[in-house]
Amino acid sequence: MAVKIKLKRLGKIRAPHYRIVVADSRTRRDGRAIEEIGKYHPTYNPSVMEVDADRVAYWLGVGAQPTEPVLAILKKTGDWQKFKGEPAPAPLLVAEPKKARPLFEALGGDDAGKGEAITQKKKAEKKDEAPAESESTEA
């Protein structure tokens, strides 16, 4: 019986999530698996690749063959190089936490003028101009 390390697809139509599983090579893509050894979320930025290194080393040691996508993931995580005895790759990127926006008060804003308009209303200007015109026509 040939054993493969492959991806099992989960998620919605345009939002795929994968589990890295060990399964018989004759089973369907999303069929029954012997063991789940990791997960892969390609839609996240940067994509999430979590692999149980001990279990991967065990299954590779007993002869399980990774598929091409799984082999690429194992090379990025460094598990393939560890199995082959090669030097480890550069570390994976980790998403930076979003910076919190500064508070209004921290930027020097004050609440002293709260509720006041900066510019005068247009209706108030028209009332001021109307009596001025009537006075010039009378004089």
Side-chain angles (χ1 to χ4, degrees):
M1 174 171 96
V3 178
K4 291 237 181 222
I5 302 174
K6 56 186 181 177
L7 295 177
K8 178 179 182 179
R9 190 181 196 281
L10 302 169
K12 297 180 186 176
I13 292 174
R14 289 180 181 82
H17 295 311
Y18 297 95
R19 290 198 181 144
I20 302 170
V21 298
V22 177
D24 183 9
S25 63
R26 297 171 289 183
T27 60
R28 299 174 305 193
R29 176 190 69 179
D30 301 335
R32 185 173 165 209
I34 298 170
E35 182 180 359
E36 293 179 1
I37 57 175
K39 60 183 176 180
Y40 172 52
H41 299 290
T43 56
Y44 294 175
N45 188 12
S47 58
V48 176
M49 291 181 249
E50 294 179 9
V51 179
D52 186 1
D54 296 333
R55 297 309 296 163
V56 169
Y58 168 77
W59 283 108
L60 290 173
V62 295
Q65 295 296 313
T67 59
E68 288 183 26
V70 173
L71 182 61
I73 292 170
L74 294 178
K75 284 183 179 179
K76 288 191 182 211
T77 59
D79 294 317
W80 184 254
Q81 287 87 345
K82 190 185 297 182
F83 174 69
K84 290 290 185 177
E86 298 172 358
L92 289 174
L93 294 176
V94 178
E96 297 177 8
K98 292 185 177 180
K99 296 179 183 177
R101 293 176 58 182
L103 297 175
F104 179 72
E105 293 81 18
L107 294 175
D110 56 347
D111 292 335
K114 192 172 187 178
E116 297 177 15
I118 297 173
T119 57
Q120 295 180 355
K121 295 180 180 178
K122 292 183 180 180
K123 292 180 181 177
E125 292 176 9
K126 291 181 181 178
K127 289 181 182 177
D128 293 338
E129 294 174 6
E133 292 177 7
S134 61
E135 290 175 11
S136 61
T137 56
E138 293 175 6

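Between the side chains of T27 and K8, no donor N or O sits under 3.5 Å from an acceptor N or O.
Side-chain contact between L10 and R19: present, with at least one pair of heavy atoms (C-beta onward) separated by less than 4.5 Å. Side-chain contact between P16 and T43 is present, with at least one heavy-atom pair separated by less than 4.5 Å. Residues P42 and V48 are not in side-chain contact: their nearest non-hydrogen atoms beyond the backbone lie 4.5 Å or more apart. In this structure the side chain of H17 never reaches within 4.5 angstrom of the side chain of K39, judged on heavy atoms. Counting heavy atoms from C-beta outward, V21 and E35 have side chains that stay 4.5 Å or more apart.
Transitive grouping of hydrophobic side chains (ILVMFWY, heavy atoms separated by less than 4.5 Å) brings F83 and V56 into a common cluster. I73 and Y58 fall within a single hydrophobic cluster, where Ile, Leu, Val, Met, Phe, Trp and Tyr are joined by side-chain heavy atoms under 4.5 Å apart, directly or via other members.
The two residues I5 and A64 have their closest heavy-atom pair at CG1-CB, 3.9 Å. V3 and V22 get closest at one heavy-atom pair: CG1-CG1, 3.3 Å.
Note that CD1 of I37 and CG of D79 are 8.5 Å apart. Values are rounded to the nearest 0.5 Å. The distance from atom CZ of R29 to atom OH of Y18, rounded to the nearest 0.5 Å, is 7.0 Å. Put simply, CZ on R28 and NZ on K6 are 10.0 Å apart, with the number rounded to the nearest 0.5 Å. Distance check: L60 CG to K84 NZ gives 9.0 Å after rounding to the nearest 0.5 Å.
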Side chain to side chain contact (heavy atoms under 4.5 Å, CB included) assessment of V70 paired with Y40: CA-CA 10 Å; V70 173; Y40 172 52; over 6 Å; no

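At least one donor-acceptor pair under 3.5 Å links the side chain of D30 to the backbone N or O of R9.
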